[in-house]
Amino acid sequence: MATVLIVEDELSINKLISKNLTLIGHTCLSAYDGVSAVNMLTETPPDLIILDVMLPGLSGFDVIRRVDGIPVIFVSARVGLEDRLRGLDLGAEDYIVKPFEMQELLARVNVVLRRFKKNTDVLTVDGVTVDFGSRTVHRSGVPIELTSKEFALLETLIQNRNIALSRDKLLDLVWSYDYAGDTRTVDVHVQQLRKKLGWKDRICTVYKVGYRFDL
Ligand code: CA
């Protein structure tokens, strides 16, 4: 997994992002102002930077100018189109407006990390190997055929490991927001995944919520 530098002067937000990213397996570093962020870049270069725009000392827009080759996601309370465009213009991969849903931030972090690590991640659990680069799955060395939705669901569950996801959230993330189907679609796909991968306990049912991939 990745090392993520969180640059955010609001202690509670910084801690919350850090806690959630750590939960899904990332290593987090925190900076609370622009100057320390720039110093940390040279000491321990992270794989990704989550960067607030309004910071004491150097602003996020100043900090990104000193970043070379590391993807940046801006998080900002500044909702104006001008700020958003400026952020993207300066080379940010994404720009998320505060307040945001943690799930959305995690999803976008994963998208950016995948893009930059050129999809080479492989996860092996209980004899099942999931290759996110080739989008293939093997169980005890034998290839397992998954439909594209089954793979997308598996990917989403793994990316949000140890976090309970509601059926609605899974519909949003895997089938996209405008999908007209109902949540039983999610149940059917989860059953299929459990059967194909032998992951009855790994993908657990969270009572009255949905599902969680335990690792
Ligand atoms: Ca701030």
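Start at 1 and go down the list; that is how both ligands and their atoms are numbered. FYI, the numbering just counts along the sequence from 1.
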Can you find a side-chain donor-acceptor pair between [X] and [Y] that sits under 3.5 Å?
X: R194; Y: T205; answer: yes
X: D33; Y: S36; answer: yes
X: N14; Y: S30; answer: yes

Report for the Ca ion (ligand 1), protein N, O or S closer than 3.0 Å, by chain and number, lists D9 OD1, D52 OD2, M54 O
Under 3.5 Å donor-acceptor, D47 side chain and T3 backbone:
yes
Can you tell me how far CD of E101 sits from CG of L106, rounded to the nearest 0.5 angstrom?
10.5 Å
Would you call Y95 and R78 a side-chain contact if the rule is heavy atoms closer than 4.5 Å?
yes
